[in-house]
Amino acid sequence: MARYGMVIDTKRCVGCADCVVACKTENNVPDGYCRDWIVEDVRGNYPELHMEIRSERCNHCENAPCVRCCPTGASYTDEDYGVVLVDHDLCTGCKACIASCPYDARYVHPEGYVDKCTFCMHRVREGLQPACVEVCPTKCMHFGDLDDPHSEVSKLIRSRPNHALIPEAGTKPKIYYLL
Amino acid sequence: MQELTITSGRHMHHIDPHLTIWGWEIPVYLFLGGLVAGILFFSAVYFLRGKSDEMRTTVRVAPLFVPFLLATGLFALFLDLEYKIHLFRFYTVIRLQSPMSWGSWTLGIIFPLSTLWALMHAESVFPNWRYPYKWMEQAMNFVKKYAKILAWLLIYYAAILGIYTGILLSAFNARPIWNTAILGPLFLVSGFSTALAFNMILSKTKEERHKLGKIDLMAIGTELFLIIHMFMGFLASTEIHVEAAQLFLGGPYTAPFWIFVVGVGLLIPALIEVLDGMHKVKSTLVPAFLVLFGGLMLRFIIVDAGQFSSWIF
(Lines give C-alpha, C1' and ligand atoms only; values in the text may rest on other atoms or scores of the structure.)
Protein backbone atom coordinates (compact mmCIF):
# COMPACT_ATOMS: atom_id res chain seq x y z
CA MET A 1 0.00 0.00 0.00
CA ALA A 2 1.29 3.44 -0.95
CA ARG A 3 1.03 6.21 1.61
CA TYR A 4 -0.19 9.30 -0.16
CA GLY A 5 0.04 12.62 1.62
CA MET A 6 0.48 16.30 1.11
CA VAL A 7 3.17 18.85 1.81
CA ILE A 8 2.18 22.52 2.00
CA ASP A 9 4.75 25.30 1.95
CA THR A 10 3.57 27.93 4.44
CA LYS A 11 6.24 30.37 3.16
CA ARG A 12 4.58 30.36 -0.26
CA CYS A 13 0.91 30.17 0.75
CA VAL A 14 -0.78 33.59 0.58
CA GLY A 15 -4.22 32.42 1.72
CA CYS A 16 -5.92 33.27 -1.58
CA ALA A 17 -8.43 30.41 -1.06
CA ASP A 18 -8.18 29.25 -4.67
CA CYS A 19 -7.81 25.73 -3.26
CA VAL A 20 -11.09 26.15 -1.38
CA VAL A 21 -12.94 27.33 -4.50
CA ALA A 22 -11.36 24.64 -6.69
CA CYS A 23 -12.39 21.94 -4.22
CA LYS A 24 -15.95 23.20 -4.00
CA THR A 25 -16.21 23.29 -7.79
CA GLU A 26 -14.49 19.97 -8.47
CA ASN A 27 -16.39 18.04 -5.82
CA ASN A 28 -19.69 19.89 -6.00
CA VAL A 29 -19.50 20.68 -2.27
CA PRO A 30 -22.89 22.04 -1.13
CA ASP A 31 -23.32 25.63 0.08
CA GLY A 32 -22.42 26.13 3.72
CA TYR A 33 -19.90 23.27 3.79
CA CYS A 34 -16.28 22.82 2.79
CA ARG A 35 -13.69 20.08 2.46
CA ASP A 36 -10.76 22.49 2.85
CA TRP A 37 -10.31 25.90 4.40
CA ILE A 38 -7.67 28.57 5.17
CA VAL A 39 -6.33 29.31 8.64
CA GLU A 40 -4.14 32.25 9.67
CA ASP A 41 -2.16 31.23 12.75
CA VAL A 42 -0.45 34.13 14.52
CA ARG A 43 1.85 33.37 17.47
CA GLY A 44 4.22 35.30 19.70
CA ASN A 45 4.15 38.72 21.33
CA TYR A 46 4.46 42.04 19.51
CA PRO A 47 6.85 42.81 17.88
CA GLU A 48 8.11 39.21 17.79
CA LEU A 49 5.20 37.73 15.85
CA HIS A 50 5.10 34.71 13.55
CA MET A 51 2.28 34.20 11.10
CA GLU A 52 1.58 30.97 9.29
CA ILE A 53 -1.08 30.64 6.62
CA ARG A 54 -2.32 27.11 6.20
CA SER A 55 -4.62 25.39 3.75
CA GLU A 56 -6.22 22.70 5.93
CA ARG A 57 -8.32 19.62 5.21
CA CYS A 58 -8.72 16.02 6.35
CA ASN A 59 -5.26 14.77 7.35
CA HIS A 60 -5.91 11.24 6.05
CA CYS A 61 -4.39 9.94 9.28
CA GLU A 62 -2.55 6.63 9.34
CA ASN A 63 -4.07 5.88 12.73
CA ALA A 64 -7.49 7.27 11.79
CA PRO A 65 -9.96 7.40 14.71
CA CYS A 66 -12.81 7.96 12.24
CA VAL A 67 -12.07 4.59 10.61
CA ARG A 68 -11.79 2.81 13.96
CA CYS A 69 -15.03 4.17 15.41
CA CYS A 70 -17.21 3.69 12.33
CA PRO A 71 -19.80 1.02 13.20
CA THR A 72 -20.50 -0.02 9.61
CA GLY A 73 -17.11 0.20 7.90
CA ALA A 74 -18.27 3.19 5.82
CA SER A 75 -15.10 5.06 6.79
CA TYR A 76 -12.14 3.11 5.50
CA THR A 77 -8.53 3.44 4.42
CA ASP A 78 -8.05 2.89 0.68
CA GLU A 79 -5.71 -0.07 0.17
CA ASP A 80 -3.95 1.32 -2.91
CA TYR A 81 -3.25 4.88 -1.79
CA GLY A 82 -3.60 4.83 2.01
CA VAL A 83 -6.21 7.58 1.78
CA VAL A 84 -9.16 7.77 4.21
CA LEU A 85 -12.48 7.66 2.35
CA VAL A 86 -16.21 7.33 3.09
CA ASP A 87 -18.42 4.79 1.33
CA HIS A 88 -21.71 6.69 1.08
CA ASP A 89 -23.69 3.48 0.61
CA LEU A 90 -22.56 2.14 3.99
CA CYS A 91 -22.84 5.39 5.96
CA THR A 92 -25.76 5.66 8.40
CA GLY A 93 -25.06 9.27 9.36
CA CYS A 94 -24.49 8.30 13.01
CA LYS A 95 -21.83 11.06 13.19
CA ALA A 96 -19.42 9.05 15.37
CA CYS A 97 -16.64 9.81 12.87
CA ILE A 98 -17.32 13.55 13.15
CA ALA A 99 -17.02 13.37 16.94
CA SER A 100 -13.83 11.32 16.66
CA CYS A 101 -11.95 13.72 14.36
CA PRO A 102 -9.66 16.13 16.26
CA TYR A 103 -9.43 18.28 13.10
CA ASP A 104 -13.20 18.72 12.67
CA ALA A 105 -12.67 17.87 9.01
CA ARG A 106 -15.97 16.06 8.42
CA TYR A 107 -19.55 17.20 8.00
CA VAL A 108 -22.94 15.73 7.20
CA HIS A 109 -23.79 16.20 3.54
CA PRO A 110 -27.38 17.43 3.07
CA GLU A 111 -28.13 14.06 1.42
CA GLY A 112 -27.46 12.36 4.77
CA TYR A 113 -24.03 10.76 4.50
CA VAL A 114 -20.81 12.06 6.04
CA ASP A 115 -18.47 13.79 3.64
CA LYS A 116 -14.91 15.13 3.65
CA CYS A 117 -11.76 15.61 1.57
CA THR A 118 -10.91 12.59 -0.61
CA PHE A 119 -7.60 13.98 -1.95
CA CYS A 120 -9.65 14.02 -5.19
CA MET A 121 -9.12 10.29 -5.64
CA HIS A 122 -11.24 10.33 -8.81
CA ARG A 123 -8.53 12.58 -10.33
CA VAL A 124 -5.54 10.87 -8.71
CA ARG A 125 -6.57 7.47 -10.10
CA GLU A 126 -6.40 9.03 -13.57
CA GLY A 127 -2.90 10.33 -12.94
CA LEU A 128 -3.98 13.88 -12.14
CA GLN A 129 -3.25 16.00 -9.07
CA PRO A 130 -5.96 16.89 -6.52
CA ALA A 131 -7.90 19.99 -7.66
CA CYS A 132 -6.52 22.15 -4.83
CA VAL A 133 -2.92 21.27 -5.75
CA GLU A 134 -3.59 21.81 -9.45
CA VAL A 135 -4.95 25.35 -9.12
CA CYS A 136 -2.63 26.75 -6.44
CA PRO A 137 -1.19 29.95 -8.00
CA THR A 138 1.91 29.97 -5.76
CA LYS A 139 2.56 26.23 -6.19
CA CYS A 140 2.75 25.83 -2.44
CA MET A 141 0.94 22.48 -2.38
CA HIS A 142 2.55 19.14 -3.23
CA PHE A 143 0.96 15.71 -3.36
CA GLY A 144 2.57 12.29 -3.60
CA ASP A 145 3.65 9.03 -2.01
CA LEU A 146 5.32 9.61 1.35
CA ASP A 147 6.79 6.09 1.22
CA ASP A 148 8.62 6.79 -2.02
CA PRO A 149 11.98 8.37 -1.05
CA HIS A 150 12.27 9.89 -4.54
CA SER A 151 8.85 11.59 -4.51
CA GLU A 152 8.70 15.38 -4.33
CA VAL A 153 6.84 15.25 -1.01
CA SER A 154 9.46 13.00 0.59
CA LYS A 155 12.30 15.21 -0.63
CA LEU A 156 10.59 18.35 0.71
CA ILE A 157 9.99 16.77 4.12
CA ARG A 158 13.67 15.78 4.29
CA SER A 159 14.97 19.16 3.14
CA ARG A 160 12.85 21.62 5.12
CA PRO A 161 11.71 21.95 8.76
CA ASN A 162 8.05 21.02 8.96
CA HIS A 163 5.22 20.13 11.29
CA ALA A 164 1.92 18.28 11.22
CA LEU A 165 -1.26 19.32 13.04
CA ILE A 166 -1.85 17.97 16.55
CA PRO A 167 0.63 15.08 16.31
CA GLU A 168 0.10 14.62 20.05
CA ALA A 169 -3.39 13.29 19.31
CA GLY A 170 -1.62 10.18 18.02
CA THR A 171 -3.48 10.04 14.74
CA LYS A 172 -0.34 10.18 12.54
CA PRO A 173 -1.59 12.86 10.15
CA LYS A 174 -0.27 12.79 6.57
CA ILE A 175 -0.26 16.50 5.78
CA TYR A 176 2.99 18.32 6.51
CA TYR A 177 3.43 22.08 6.69
CA LEU A 178 6.85 23.41 5.66
CA LEU A 179 8.19 26.20 7.87
CA MET B 1 -0.15 34.57 22.49
CA GLN B 2 -1.79 32.52 19.78
CA GLU B 3 -4.54 33.75 17.49
CA LEU B 4 -6.23 31.48 14.99
CA THR B 5 -8.30 33.10 12.28
CA ILE B 6 -10.23 31.05 9.80
CA THR B 7 -10.26 33.27 6.77
CA SER B 8 -12.28 31.19 4.35
CA GLY B 9 -14.49 28.21 3.99
CA ARG B 10 -15.27 27.14 7.53
CA HIS B 11 -18.73 28.05 8.72
CA MET B 12 -20.14 24.57 8.64
CA HIS B 13 -23.56 23.75 10.00
CA HIS B 14 -23.30 21.80 13.31
CA ILE B 15 -19.46 21.83 13.13
CA ASP B 16 -18.44 25.47 13.70
CA PRO B 17 -17.68 27.16 16.00
CA HIS B 18 -17.99 23.91 17.96
CA LEU B 19 -19.79 20.64 17.37
CA THR B 20 -23.56 20.47 17.81
CA ILE B 21 -24.00 17.21 15.91
CA TRP B 22 -25.75 15.39 18.75
CA GLY B 23 -28.86 17.03 20.17
CA TRP B 24 -31.42 15.74 22.70
CA GLU B 25 -31.69 12.30 21.11
CA ILE B 26 -28.32 10.96 22.31
CA PRO B 27 -28.57 12.01 26.00
CA VAL B 28 -32.15 10.70 26.13
CA TYR B 29 -31.00 7.38 24.68
CA LEU B 30 -28.01 7.21 27.07
CA PHE B 31 -30.33 7.92 30.01
CA LEU B 32 -32.88 5.29 28.97
CA GLY B 33 -30.09 2.79 28.19
CA GLY B 34 -28.63 3.24 31.68
CA LEU B 35 -32.08 3.06 33.28
CA VAL B 36 -32.93 -0.16 31.43
CA ALA B 37 -29.54 -1.67 32.30
CA GLY B 38 -30.18 -0.95 35.98
CA ILE B 39 -33.75 -2.30 35.95
CA LEU B 40 -32.67 -5.56 34.30
CA PHE B 41 -29.60 -5.94 36.49
CA PHE B 42 -31.45 -5.64 39.81
CA SER B 43 -34.40 -7.66 38.55
CA ALA B 44 -32.14 -10.55 37.52
CA VAL B 45 -29.98 -10.34 40.68
CA TYR B 46 -32.95 -10.47 43.09
CA PHE B 47 -34.60 -13.18 40.97
CA LEU B 48 -31.51 -15.36 41.30
CA ARG B 49 -31.40 -14.65 45.02
CA GLY B 50 -34.96 -15.99 45.31
CA LYS B 51 -36.48 -12.67 46.35
CA SER B 52 -39.10 -12.37 43.62
CA ASP B 53 -41.92 -11.92 46.15
CA GLU B 54 -40.05 -9.81 48.71
CA MET B 55 -38.79 -7.45 45.95
CA ARG B 56 -41.82 -7.83 43.69
CA THR B 57 -41.56 -4.44 42.00
CA THR B 58 -37.84 -4.78 41.32
CA VAL B 59 -38.04 -8.35 40.03
CA ARG B 60 -41.44 -8.52 38.35
CA VAL B 61 -43.07 -5.10 37.77
CA ALA B 62 -40.23 -2.82 36.61
CA PRO B 63 -39.07 -5.16 33.81
CA LEU B 64 -42.51 -4.79 32.21
CA PHE B 65 -41.55 -1.20 31.35
CA VAL B 66 -38.21 -2.20 29.82
CA PRO B 67 -39.30 -3.02 26.23
CA PHE B 68 -41.13 0.34 26.05
CA LEU B 69 -38.24 2.31 27.56
CA LEU B 70 -35.75 0.57 25.28
CA ALA B 71 -37.96 1.13 22.23
CA THR B 72 -38.19 4.84 23.11
CA GLY B 73 -34.41 5.04 23.44
CA LEU B 74 -33.88 3.24 20.15
CA PHE B 75 -36.40 5.51 18.47
CA ALA B 76 -34.42 8.52 19.74
CA LEU B 77 -31.27 6.95 18.24
CA PHE B 78 -33.13 6.39 14.99
CA LEU B 79 -34.21 10.03 14.92
CA ASP B 80 -30.56 11.06 15.33
CA LEU B 81 -29.42 9.11 12.27
CA GLU B 82 -28.92 11.33 9.24
CA TYR B 83 -29.30 8.46 6.77
CA LYS B 84 -32.25 6.66 8.34
CA ILE B 85 -32.88 4.09 5.63
CA HIS B 86 -29.34 2.78 6.22
CA LEU B 87 -30.19 1.75 9.80
CA PHE B 88 -29.85 -1.92 8.77
CA ARG B 89 -26.15 -1.32 7.99
CA PHE B 90 -25.40 -1.56 11.74
CA TYR B 91 -26.36 -5.23 11.54
CA THR B 92 -24.48 -6.21 8.39
CA VAL B 93 -21.06 -6.18 10.05
CA ILE B 94 -19.41 -6.60 13.48
CA ARG B 95 -16.63 -4.07 14.00
CA LEU B 96 -14.75 -4.89 17.18
CA GLN B 97 -12.87 -1.55 17.25
CA SER B 98 -16.06 0.49 17.13
CA PRO B 99 -17.90 1.04 20.44
CA MET B 100 -21.02 1.97 18.48
CA SER B 101 -20.93 -1.41 16.74
CA TRP B 102 -20.64 -3.13 20.14
CA GLY B 103 -23.58 -1.03 21.34
CA SER B 104 -25.84 -1.77 18.40
CA TRP B 105 -25.23 -5.53 18.68
CA THR B 106 -25.71 -5.41 22.46
CA LEU B 107 -29.04 -3.65 21.93
CA GLY B 108 -29.93 -6.20 19.28
CA ILE B 109 -29.40 -8.97 21.85
CA ILE B 110 -30.75 -7.32 24.99
CA PHE B 111 -34.01 -6.18 23.38
CA PRO B 112 -35.39 -9.69 22.69
CA LEU B 113 -33.95 -11.05 25.96
CA SER B 114 -35.57 -8.30 28.02
CA THR B 115 -38.87 -8.74 26.16
CA LEU B 116 -38.87 -12.45 27.08
CA TRP B 117 -38.00 -11.51 30.68
CA ALA B 118 -40.89 -9.03 30.76
CA LEU B 119 -43.34 -11.55 29.28
CA MET B 120 -42.23 -14.12 31.83
CA HIS B 121 -43.09 -11.79 34.69
CA ALA B 122 -46.23 -10.38 33.06
CA GLU B 123 -48.00 -13.64 33.89
CA SER B 124 -47.47 -13.15 37.62
CA VAL B 125 -48.26 -9.41 37.60
CA PHE B 126 -51.45 -9.81 35.56
CA PRO B 127 -53.34 -12.91 36.80
CA ASN B 128 -55.64 -12.95 33.76
CA TRP B 129 -52.73 -12.91 31.33
CA ARG B 130 -53.39 -15.32 28.45
CA TYR B 131 -51.47 -15.94 25.23
CA PRO B 132 -53.57 -15.88 22.06
CA TYR B 133 -51.79 -18.90 20.56
CA LYS B 134 -50.74 -22.22 22.02
CA TRP B 135 -47.23 -22.02 20.58
CA MET B 136 -46.63 -18.77 22.46
CA GLU B 137 -47.51 -20.45 25.73
CA GLN B 138 -45.22 -23.36 24.88
CA ALA B 139 -42.43 -20.97 24.00
CA MET B 140 -42.84 -19.12 27.30
CA ASN B 141 -42.84 -22.41 29.21
CA PHE B 142 -39.51 -23.14 27.56
CA VAL B 143 -38.20 -19.70 28.62
CA LYS B 144 -39.39 -20.26 32.19
CA LYS B 145 -37.56 -23.57 32.26
CA TYR B 146 -34.31 -21.74 31.56
CA ALA B 147 -35.12 -18.60 33.58
CA LYS B 148 -31.89 -18.78 35.58
CA ILE B 149 -29.76 -18.84 32.44
CA LEU B 150 -31.78 -15.92 31.09
CA ALA B 151 -31.20 -14.03 34.35
CA TRP B 152 -27.44 -14.56 34.14
CA LEU B 153 -27.44 -13.43 30.50
CA LEU B 154 -29.37 -10.31 31.49
CA ILE B 155 -26.90 -9.48 34.28
CA TYR B 156 -24.06 -9.80 31.80
CA TYR B 157 -25.67 -7.80 29.01
CA ALA B 158 -27.12 -5.19 31.38
CA ALA B 159 -23.61 -4.49 32.68
CA ILE B 160 -22.32 -4.20 29.10
CA LEU B 161 -25.20 -1.90 28.12
CA GLY B 162 -24.77 0.31 31.20
CA ILE B 163 -21.03 0.67 30.82
CA TYR B 164 -21.29 1.05 27.04
CA THR B 165 -23.37 4.21 27.40
CA GLY B 166 -20.26 5.81 28.90
CA ILE B 167 -17.66 4.05 26.75
CA LEU B 168 -19.43 5.27 23.61
CA LEU B 169 -18.34 8.79 24.59
CA SER B 170 -15.04 8.01 26.35
CA ALA B 171 -13.67 6.35 23.18
CA PHE B 172 -13.55 9.73 21.43
CA ASN B 173 -10.00 10.94 21.97
CA ALA B 174 -10.84 14.09 19.99
CA ARG B 175 -13.20 15.36 22.72
CA PRO B 176 -11.10 15.76 25.87
CA ILE B 177 -13.98 15.94 28.37
CA TRP B 178 -15.29 12.57 27.14
CA ASN B 179 -11.88 10.96 26.91
CA THR B 180 -11.72 9.50 30.40
CA ALA B 181 -12.04 5.84 31.42
CA ILE B 182 -14.16 6.97 34.39
CA LEU B 183 -17.12 7.78 32.14
CA GLY B 184 -18.03 4.09 31.63
CA PRO B 185 -18.25 3.20 35.35
CA LEU B 186 -19.85 6.60 36.11
CA PHE B 187 -22.67 6.09 33.60
CA LEU B 188 -23.08 2.48 34.75
CA VAL B 189 -23.50 3.47 38.41
CA SER B 190 -25.68 6.42 37.46
CA GLY B 191 -27.86 4.06 35.39
CA PHE B 192 -28.15 1.73 38.39
CA SER B 193 -29.06 4.68 40.61
CA THR B 194 -31.80 5.88 38.25
CA ALA B 195 -33.15 2.32 38.03
CA LEU B 196 -33.31 2.10 41.84
CA ALA B 197 -35.15 5.44 41.87
CA PHE B 198 -37.54 4.18 39.17
CA ASN B 199 -38.23 1.06 41.23
CA MET B 200 -38.79 3.16 44.36
CA ILE B 201 -41.44 5.17 42.51
CA LEU B 202 -43.21 2.00 41.37
CA SER B 203 -42.88 0.07 44.61
CA LYS B 204 -45.93 -0.24 46.85
CA THR B 205 -44.25 -1.64 49.93
CA LYS B 206 -42.36 0.41 52.47
CA GLU B 207 -39.81 -2.37 53.04
CA GLU B 208 -38.84 -2.60 49.39
CA ARG B 209 -38.61 1.19 49.05
CA HIS B 210 -36.45 1.34 52.16
CA LYS B 211 -34.11 -1.36 50.83
CA LEU B 212 -33.87 0.29 47.42
CA GLY B 213 -33.18 3.64 49.11
CA LYS B 214 -30.26 2.12 51.02
CA ILE B 215 -28.72 0.67 47.87
CA ASP B 216 -29.31 3.96 46.05
CA LEU B 217 -27.43 5.76 48.79
CA MET B 218 -24.42 3.55 48.09
CA ALA B 219 -24.78 4.20 44.34
CA ILE B 220 -24.89 7.96 44.93
CA GLY B 221 -21.77 7.75 47.13
CA THR B 222 -19.99 5.80 44.38
CA GLU B 223 -21.07 8.36 41.78
CA LEU B 224 -19.71 11.23 43.87
CA PHE B 225 -16.43 9.36 44.30
CA LEU B 226 -16.20 8.74 40.53
CA ILE B 227 -16.98 12.39 39.71
CA ILE B 228 -14.24 13.62 42.06
CA HIS B 229 -11.88 11.00 40.68
CA MET B 230 -12.71 12.07 37.11
CA PHE B 231 -11.79 15.70 37.77
CA MET B 232 -8.64 14.68 39.67
CA GLY B 233 -7.66 12.67 36.61
CA PHE B 234 -8.29 15.59 34.27
CA LEU B 235 -6.35 18.07 36.40
CA ALA B 236 -3.37 15.72 36.61
CA SER B 237 -3.39 15.11 32.86
CA THR B 238 -2.37 17.04 29.72
CA GLU B 239 -3.08 20.70 28.99
CA ILE B 240 -6.16 19.95 26.89
CA HIS B 241 -7.63 17.79 29.65
CA VAL B 242 -6.95 20.50 32.22
CA GLU B 243 -8.70 23.00 29.92
CA ALA B 244 -11.58 20.58 29.44
CA ALA B 245 -11.98 20.25 33.21
CA GLN B 246 -12.03 24.05 33.48
CA LEU B 247 -15.34 23.97 31.58
CA PHE B 248 -16.78 22.56 34.81
CA LEU B 249 -14.53 24.44 37.23
CA GLY B 250 -15.36 28.04 36.42
CA GLY B 251 -16.35 27.62 32.78
CA PRO B 252 -19.82 27.60 31.17
CA TYR B 253 -20.86 24.19 32.54
CA THR B 254 -19.98 24.94 36.16
CA ALA B 255 -23.40 26.07 37.37
CA PRO B 256 -25.55 23.51 35.51
CA PHE B 257 -23.30 20.59 36.46
CA TRP B 258 -22.67 21.31 40.12
CA ILE B 259 -26.19 22.57 40.82
CA PHE B 260 -28.38 20.20 38.79
CA VAL B 261 -26.27 17.03 38.65
CA VAL B 262 -24.27 17.06 41.90
CA GLY B 263 -26.55 19.22 44.06
CA VAL B 264 -30.12 18.46 43.01
CA GLY B 265 -29.37 15.03 41.51
CA LEU B 266 -27.01 13.54 44.10
CA LEU B 267 -26.41 15.49 47.33
CA ILE B 268 -30.01 16.55 48.11
CA PRO B 269 -31.56 13.10 47.45
CA ALA B 270 -28.73 11.50 49.45
CA LEU B 271 -29.40 13.87 52.35
CA ILE B 272 -33.14 13.20 52.24
CA GLU B 273 -32.56 9.44 52.11
CA VAL B 274 -30.20 9.62 55.10
CA LEU B 275 -32.71 11.69 57.10
CA ASP B 276 -35.48 9.31 56.02
CA GLY B 277 -33.41 6.39 57.26
CA MET B 278 -33.02 8.18 60.62
CA HIS B 279 -36.78 8.87 60.64
CA LYS B 280 -36.11 12.63 60.77
CA VAL B 281 -38.20 13.38 57.67
CA LYS B 282 -41.35 11.93 56.22
CA SER B 283 -40.68 9.23 53.64
CA THR B 284 -41.54 10.59 50.18
CA LEU B 285 -40.70 9.92 46.56
CA VAL B 286 -38.93 13.29 46.20
CA PRO B 287 -35.38 11.84 46.29
CA ALA B 288 -36.30 9.26 43.64
CA PHE B 289 -37.57 11.93 41.25
CA LEU B 290 -34.49 14.06 41.94
CA VAL B 291 -32.17 11.13 41.15
CA LEU B 292 -33.97 10.58 37.83
CA PHE B 293 -33.69 14.28 37.04
CA GLY B 294 -29.98 14.30 37.97
CA GLY B 295 -29.28 11.25 35.82
CA LEU B 296 -30.91 12.87 32.81
CA MET B 297 -29.07 16.14 33.39
CA LEU B 298 -25.73 14.32 33.72
CA ARG B 299 -26.12 12.91 30.22
CA PHE B 300 -27.34 16.16 28.68
CA ILE B 301 -24.47 18.16 30.19
CA ILE B 302 -21.72 15.62 29.41
CA VAL B 303 -22.90 15.15 25.81
CA ASP B 304 -23.02 18.90 25.27
CA ALA B 305 -19.73 19.66 27.03
CA GLY B 306 -17.90 16.98 25.04
CA GLN B 307 -18.94 18.62 21.80
CA PHE B 308 -17.80 21.98 23.18
CA SER B 309 -14.34 20.69 24.09
CA SER B 310 -11.73 20.02 21.42
CA TRP B 311 -8.00 20.00 20.73
CA ILE B 312 -6.25 23.33 20.36
CA PHE B 313 -4.42 23.82 17.10
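Keep in mind that the numbers below use all heavy atoms, side chains included, and drop hydrogens, waters and symmetry copies. Labels below follow one simple rule: chain letters A, B, ... track the order of the sequence lines, proteins then strands, and each chain is numbered from 1.
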>> Keeping B:Arg175 on the side-chain end and A:Pro102 on the backbone end, is there a donor-acceptor pair under 3.5 Å?
In response: no
> Distance-only, no hydrogens or angles: does the B:His11 side chain make a donor-acceptor pair with backbone N or O of A:Gly32 under 3.5 Å?
Replying inline: no
> What's the shortest heavy-atom distance between B:Arg89 and A:Thr92, and which atoms?
Replying inline: CB-CG2, 3.8 Å
>> Let's test your reading of the structure: which of A:Leu90, A:Val114, A:Asn45 forms the most heavy-atom pairs below 4.5 Å with chain B?
In response: A:Leu90
> Do you know the tightest heavy-atom contact between B:Arg95 and A:Val67?
Replying inline: NH2-O, 2.8 Å
> Going by residue number, which parts of residues 230-259 of chain B are within reach of chain A, meaning a heavy-atom gap below 4.5 Å?
Replying inline: none
> When heavy-atom pairs shorter than 4.5 Å are enumerated against chain B, which of A:Cys101, A:Gly73, A:Cys70 gives the highest number?
Replying inline: A:Cys70
>> Are more than 12 heavy atoms, taken from residues, nucleotides or ligands other than B:His229, located less than 6.0 Å from that residue's NE2 atom?
In response: no
>> For a quick test of reading the model, state the closest non-hydrogen atom pair linking A:Ala99 to B:Trp178 and the distance between them.
In response: CB-CZ3, 4.1 Å
> Measuring from B:Met12:CE to A:Asp104:CG, what's the distance to the nearest 0.5 Å?
Replying inline: 7.5 Å
> Which bit of A:His88 is near chain B, if near means a heavy-atom gap under 4.5 Å: side chain, backbone, both or neither?
Replying inline: backbone
> Do B:Ile15 and A:Arg106 touch side chain to side chain, with heavy atoms closer than 4.5 Å?
Replying inline: no
> Checking A:Arg35 against chain B: side chain, backbone, both or neither under 4.5 Å from a heavy atom?
Replying inline: neither
>> So for atom NZ, which belongs to A:Lys11, do other residues, nucleotides or ligands contribute more than 12 heavy atoms lying within a distance under 6.0 Å?
In response: no
> Checking B:Leu19 against chain A: side chain, backbone, both or neither under 4.5 Å from a heavy atom?
Replying inline: side chain
> Is chain B contacted by the side chain of A:Leu49, its backbone, both, or neither, given a heavy-atom distance below 4.5 Å?
Replying inline: side chain
> Which heavy-atom pair separates A:Ser100 from B:Ala174 by the least distance, and what is that distance?
Replying inline: O-CB, 3.2 Å
> Do other residues, nucleotides or ligands put more than 12 heavy atoms under 6.0 Å from the CZ atom of B:Phe260?
Replying inline: no
> Heavy-atom count around A:Arg160 CZ within 6.0 Å, excluding the residue itself: above 12?
Replying inline: yes
>> I'd like to know which of B:Leu168, B:Ile21, B:Thr92 tops the heavy-atom pair count under 4.5 Å against chain A.
In response: B:Ile21
>> Could you check whether any side-chain heavy atom of B:Trp311 comes within less than 4.5 Å of a side-chain heavy atom of A:Glu168, counting everything from C-beta outward?
In response: yes
>> Does anything in residues 70-80 of chain B reach chain A? List residues with heavy atoms under 4.5 Å apart, or say none.
In response: B:Asp80
> Say you draw a straight line from CZ of B:Phe172 to CZ of A:Arg68; how long is it, rounded to the nearest 0.5 Å?
Replying inline: 11.0 Å
> Most heavy-atom pairs under 4.5 angstrom with chain B, which of A:Thr171, A:Ile98, A:Val108?
Replying inline: A:Ile98
> Hey, does the side chain of B:Asn173 reach the backbone of A:Ala169 with a donor-acceptor pair shorter than 3.5 angstrom?
Replying inline: yes
> So, for A:Cys94 and B:Trp22, which heavy atoms are closest and what is the spacing to 0.1 Å?
Replying inline: O-NE1, 3.1 Å
> Looking at A:Ala96, A:Ala17, A:Cys23, A:Ala74, which one has more heavy-atom pairs under 4.5 Å with chain B than the rest?
Replying inline: A:Ala96
>> I need the residue from A:Val29, A:Val42, A:Ile53 with the largest number of non-hydrogen atom pairs under 4.5 Å to chain B.
In response: A:Val42
>> Using modelled atom types and a 3.5 Å cut-off, is there a donor and acceptor pairing between side-chain atoms of B:Trp102 and backbone atoms of A:Pro71?
In response: no
>> Is any side-chain heavy atom of B:His13 closer than 4.5 Å to one of A:Tyr33?
In response: yes
>> Quick check on A:Cys69 against chain B: is it the side chain, the backbone, both or neither that has a heavy atom closer than 4.5 Å?
In response: both
> Is B:Tyr156 atom OH crowded by more than 12 heavy atoms from other residues, nucleotides or ligands, each under 6.0 Å away?
Replying inline: no
